[in-house]
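Below, chain A is the first sequence line, B the second, and so on; all start at residue 1.
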Amino acid sequence: MKYTAPRGTKDILPEEARLWQYIEDNCRDIFFLYNYQEIRTPVFEATELFSRSIGQTTDIVKKEMYTFADRKGRSLTLRPEATAAVVRAGLENNLISPDNFSKFFYIGPMFRYERPQAGRQRQFHQAGVEAFGSADPLLDAEVIVMAVKLFNSLGLTGLRVNLNSVGCGKCQPGYRQAVQDYFRSHIGGMCADCQERLETNPMRILDCKEAACQKVIAAAPASASHLCEECDAHFKKLLNYLDAAKVEYQRSDRLVRGLDYYTKTAFEVVSSQLGAQNAVCGGGRYDNLVEELGGKATPAIGFAIGLERLVEIMKQTKLAGHDSRGLLLYIATIGEPARKVAFDLLLKGRESGIPADMDYSGKSLKAQMKAADRQKAQYVYIIGEDEVAKGGAVLKNMATSEERTVTFENILYEPFGLEAVREEPSCGGCGGNCTCGDDND
RNA sequence: GUGGGCGUAGCUCAAUUUGGUUAGAGCAUCAGAUUGUGGAUCUGAGGGUUGCCGGUUCAAUUCCGGUCGUCCACCCCA
């Protein structure tokens with residue numbers, strides 16, 4: 001094969017694309033239900049936007065960004081995540097300010113230069129939301145509830161919500177220090193990675209999976225016990241709201257998100273069906289980011305769902321069968337005159353909203369029937385020499401094998417199944433937007 | 001960036017252990033059995049630079065090295 005998709009990218013083929021459409025439609029429905037409005041931002045931005053917001057010391061910025069210089073030498077970066085871009089767009093267009101509450105959602109591709117593995121690609125897709133202008137824990141609750149409801153609406157169960165508070169600018173440094181002090185006194189028996197992390201990013205030690213480290217981590221100071229009064233109150237209220245909404249969650253003292261901008265609430269939704277990369281949704285509050293990027297201090301919170309991972313769960317849960325949209329009509333022909341008639345009928349049929357097709361490669365009738373069957377056509381209209389002369393042909397119901405003669409004029413207007421789609425809008429001038437038309441789902 | 005598994009027909013896999021004549025099967029495709037009728041059955045046909053490059057050898061799909069790709073894990077994250 002001379003050309004293949006670049007490493008870490010994947011083609012989404014028609015069969016799977018239907019599942020993607022279903023999932024994306026579902027996301028939009030839920031987001032609109034919660035009054036989030038769509039925003040579409042460029043897939044690349046000034047490099048500095050990401051390095052500033054995500055954090056210079058994070059892996060994403062240090063080694064995972066697709067960064068390039070354009071022809072004028074500007075440093076641009078394919079977005080590794082959307083939050084920074086949404087904040088930038090919101091500020092640039094005056095949609096974000098402390099006294100203007102606003103909620104956005106987005107769906108689109110993100111790019112990170114990583115070694116591909118199960119549930120991890122270089123181009124992947126996220127659906128996410130961002131809400132600006134409220135520091136109220138009730139908003140945190142809404143966002144988490146929305147994520148849960150979204151998964152429920154797709155029929156998914158068995159997911160777990162992990163929840164933590166990482167504190168704010170006031171209490172986080174103290175906690176970080178406490179964690180570092182604790183691990184420093186136990187570092188001898190811990191893995192090489194953790195020894196490294198002790199100085200670079202002590203919080204990440206809490207995430208280590210090594211058995212030896214786990215023992216030490218189990219007794220590490222919990223973030224909840226180091227929260228300042230404000231963060232503590234915020235967290236407790238959030239837990240209350242979630243309990244009241246009957247949302248199940250798991251307190252996770254070890255949950256530390258990998259982006260620097262998170263404050264207070266951090267959460268993720270994990271699945272046991274995903275392998276090592278088990279987070280299907282991650283999010284949290286980021287009360288300092290807007291100011292960091294040049295806006296007035298504005299509290300905010302959001303999450304992102306990994307769509308590839310969601311698709312994977314849907315497939316494994318056998319929830320992927322939402323899509324059998326087949327042909328309604330296939331026109332089979334014998335001879336050139338019949339093909340002309342068929343082509344004309346085909347175009348007219350499509351005009352009135354009938355999904356229809358025919359053969360374009362001169363196949364035998366038998367082969368055409370086979371093709372119709374493969375494409376799950378409900379009806380086949382068979383036109384031959386005689387039929388062209390008579391002005392009518394055989395319409396075959398593929399499910400029952402029944403055949404009956406129907407004239408060319410009537411083929412697009414005959415009853416038994418076709419009547420639902422053939423009605424001309426009788427309400428003139430509706431522009432096709434009324435319910436008189438072609439709903440054949 | 002690190003480690004390991006795997007690259008043979010459109011797809012799923014044999015044959016490689018111990019190098020040896022023509023690299024097989026199922027599914028799929030196409031055709032025929034059925035002069036103008038799909039799904040089932042039977043018959044037949046087409047389809048391969050054994051990922052690529054090099055080395056060893058009389059001889060390499062098989063052994064060795066490299067490279068690319070892929071999968072899984074680490075790291076990290078959605």
Would [X] and [Y] pass as an ion pair if we require N to O under 4.0 Å?
X	Y	result
Glu402(A)	Arg404(A)	no
Arg309(A)	Glu312(A)	no
Lys348(A)	Asp344(A)	yes

Leu198(A) backbone acceptor or donor facing Gln180(A) side chain under 3.5 Å: yes
Backbone N/O of Gln126(A) and side chain of Tyr106(A): donor-acceptor pair under 3.5 Å: no
Position toward the 5' end of RNA chain B (nearest nucleotide), Asp386(A) or Glu81(A): Asp386(A)
5′-ward residue of the pair Glu308(A)/Val394(A) relative to RNA chain B: Val394(A)
Ring geometry between Phe105(A) and Phe31(A) (parallel below 30°, tilted from 30 to 60°, perpendicular above 60°): tilted
Is it true that [Y] and [X] share a donor-acceptor pair across their side chains at a distance under 3.5 Å?
X	Y	result
Glu130(A)	Tyr286(A)	yes
Asn164(A)	Ser223(A)	yes
Gln21(A)	Asp25(A)	no
Trp20(A)	Glu24(A)	no

Interface residues of residues 278-286 of chain A with RNA chain B (non-hydrogen, below 4.0 angstrom): Ala279(A), Val280(A), Cys281(A), Gly282(A)
Pick out the pairs of N or O atoms, protein on one side and nucleotides 5-10 of chain B on the other, that lie under 3.5 Å.
none

Does a sphere of radius 6.0 Å around [atom1] in [X] hold more than 12 heavy atoms from other residues, nucleotides or ligands, not counting ones at 6.0 Å or beyond?
X	atom1	value
Glu336(A)	CD	yes
Arg184(A)	CZ	yes
Phe343(A)	CZ	no

Dump the pairs, protein N or O against N or O of nucleotides 70-75 of chain B, anything under 3.5 Å, distances to one decimal.
{"from": "rU70(B)", "atom 1": "OP2", "to": "Arg7(A)", "atom 2": "NH1", "distance (Å)": "2.7"}
{"from": "rC72(B)", "atom 1": "OP2", "to": "Ala118(A)", "atom 2": "N", "distance (Å)": "2.7"}
{"from": "rA73(B)", "atom 1": "OP1", "to": "Ala276(A)", "atom 2": "N", "distance (Å)": "3.1"}
{"from": "rA73(B)", "atom 1": "OP2", "to": "Gln117(A)", "atom 2": "NE2", "distance (Å)": "3.2"}
{"from": "rC74(B)", "atom 1": "N4", "to": "Arg120(A)", "atom 2": "NH2", "distance (Å)": "3.1"}
{"from": "rC75(B)", "atom 1": "N3", "to": "Arg120(A)", "atom 2": "NH1", "distance (Å)": "2.7"}
{"from": "rC75(B)", "atom 1": "N4", "to": "Gln117(A)", "atom 2": "OE1", "distance (Å)": "3.1"}
{"from": "rC75(B)", "atom 1": "N4", "to": "Arg120(A)", "atom 2": "NH1", "distance (Å)": "2.5"}
{"from": "rC75(B)", "atom 1": "N4", "to": "Gln277(A)", "atom 2": "NE2", "distance (Å)": "3.1"}

Side-chain-base donor-acceptor pair under 3.5 Å for Ser401(A) and rG39(B): yes
Base of rU37(B) paired with side chain of Gln368(A) (donor-acceptor, under 3.5 Å): no
Footprint string (nucleotides 26-34 of chain B, 5' to 3'): B base within contact, S backbone only, - free, heavy atoms under 4.0 Å: ---SSS---
Can you check nucleotides 44-48 of chain B for protein contacts, nitrogen or oxygen pairs under 3.5 Å, and list what you find?
none

Sugar-phosphate, base or nothing in reach of Ala372(A), heavy atoms under 4.0 Å: nothing
All stems with RNA chain B, defined as three or more consecutive Watson-Crick or G-U pairs under 3.5 Å: B:1-7 with B:68-74, B:10-13 with B:24-27, B:29-33 with B:41-45, B:51-55 with B:63-67
Spacing between Asn397(A) atom CG and rU37(B) atom C1', to the nearest angstrom: 14 Å
